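Have a look at the structure below, then the notes.
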Amino acid sequence: MSSRLVCVVALALPLWSEPIQELRLAGLQAPVEILIDRWGVPHIYARNEHDMYFAQGFQAASQRLWQMDLWRKRSLGLLSQDLGPAYLEQDRAARLFLYRGNLDAEWNLYTPGMRQVLEAFTRGVKASRRSEEH
């Protein structure tokens, strides 16, 4: 089901009544608002937990995708591809520590519902990347 993710960007919340930017993103169950206050702090308003974490992932990636991608590459041992041979030893060490066990068993060790939370957040991150392509 496709719904709306409404991003409102304002210098101060009381100054704006209409969204400055409105996006339609697949993956939401209901409309969501992201209001950014005069200090740059996002406030997410969602009707359900899934959409809240989706919007959180979307907002985080909208502001910090470069940082999230750097952390991903560091943990997977892929830094030398972008940063050169000086990172080969760090990549090698990171690859030695990659988890190779049963992921379903690993998820069962987490708090109930954590997988759904992280999957919703990840879908929001991916939606941010798709919205930048258009």
Side-chain angles (χ1 to χ4, degrees):
M1 176 179 179
S2 178
S3 193
R4 291 187 309 150
L5 171 63
V6 179
C7 299
V8 179
V9 180
L11 292 175
L13 293 178
L15 297 177
W16 302 93
S17 59
E18 293 295 318
I20 291 175
Q21 181 181 20
E22 184 173 313
L23 302 170
R24 292 187 63 81
L25 299 173
L28 290 170
Q29 298 167 359
V32 171
E33 286 186 315
I34 301 174
L35 305 175
I36 301 176
D37 67 21
R38 63 181 167 197
W39 298 283
V41 177
H43 303 265
I44 298 171
Y45 296 91
R47 296 182 184 160
N48 60 66
E49 192 175 79
H50 170 274
D51 288 354
M52 178 184 63
Y53 287 112
F54 183 102
Q56 184 183 21
F58 179 88
Q59 179 62 29
S62 295
Q63 301 300 311
R64 295 276 190 210
L65 186 59
W66 64 271
Q67 185 176 29
M68 296 166 86
D69 189 50
L70 180 68
W71 290 344
R72 181 187 68 82
K73 289 175 180 176
R74 183 180 62 193
S75 67
L76 294 174
L78 301 173
L79 286 177
S80 61
Q81 290 178 355
D82 292 337
L83 303 177
Y87 290 86
L88 282 171
E89 282 304 310
Q90 185 175 337
D91 283 354
R92 183 179 166 281
R95 290 178 186 196
L96 288 173
F97 287 103
L98 284 176
Y99 183 74
R100 292 175 177 84
N102 182 323
L103 283 176
D104 289 326
E106 183 70 16
W107 279 117
N108 289 333
L109 298 173
Y110 286 80
T111 302
M114 183 55 65
R115 185 174 188 165
Q116 290 78 18
V117 165
L118 294 175
E119 287 174 348
F121 183 90
T122 302
R123 282 191 289 277
V125 170
K126 290 177 180 178
S128 172
R129 293 178 68 184
R130 285 190 301 274
S131 73
E132 290 177 1
E133 294 170 359
H134 292 68

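As the structure is a prediction and not an experimental result, all values here were calculated from the model. Position 1 is the first residue of the sequence, and the numbers go up from there.
The other residues sharing a hydrophobic cluster with L79 are L70, L83, Y87, where clustering joins ILVMFWY side chains under 4.5 Å apart. In this structure, L76 belongs to a hydrophobic cluster whose other members, linked by side-chain heavy atoms under 4.5 Å apart, are L78, L98.
Shown here for M68 and F121, the closest heavy-atom pair between the two residues is CE-CE2, 3.9 Å. Counting all heavy atoms, side chain and backbone alike, H50 lies closest to G27 at CE1-O, 3.0 Å.
Of the inter-residue distances, the one linking K126 atom NZ with T122 atom OG1 reads 6.5 Å to the nearest 0.5 angstrom. Atoms CG and OH, from L35 and Y45 in turn, are 5.5 Å apart once rounded to the nearest 0.5 Å. Note that NE2 of H43 and CD1 of I34 are 11.5 Å apart. Values are rounded to the nearest 0.5 Å. Rounding to the nearest 0.5 Å gives a distance of 11.5 Å between CZ of F54 and CD1 of I44.
Here the side chains of R47 and P31 are in contact, with some heavy-atom distance below 4.5 Å. Taking the side chain as every heavy atom from C-beta outward, L88 and R92 never approach each other to under 4.5 Å.
A salt bridge is defined here as a Lys NZ or Arg NE, NH1 or NH2 lying under 4.0 Å from an Asp or Glu carboxylate O, and R95 with D91 fails to meet this definition.
In this structure, L65 is not a member of the same hydrophobic cluster as W71, with clusters built from ILVMFWY side-chain heavy atoms closer than 4.5 Å.
Not counting sequence neighbours, the partners of W107 by the ring pair (Phe, Tyr, Trp, His ring centres under 6.0 Å) test are Y110.
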Run the side chain to side chain contact (heavy atoms under 4.5 Å, CB included) test on F58 and L23 for me, step by step, so that the C-alpha distance in whole Å, both residues' side-chain angles and the decisive distance to 0.1 Å come before the verdict.
CA-CA 11 Å; F58 179 88; L23 302 170; 3.5 Å; yes

Between R115 and D104, is the side chain to side chain contact (heavy atoms under 4.5 Å, CB included) condition met? List the steps.
CA-CA 10 Å; R115 185 174 188 165; D104 289 326; 3.3 Å; yes

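Counting heavy-atom neighbours within 6.0 Å of E49 CD, excluding the residue itself, gives a total of 12 or less. Within 6.0 Å of atom CZ in F97, 12 or fewer heavy atoms from other residues, nucleotides or ligands are found, so the atom counts as exposed in its surroundings.
No donor-acceptor pair closer than 3.5 Å links the side chain of D51 to the backbone N or O of A46.
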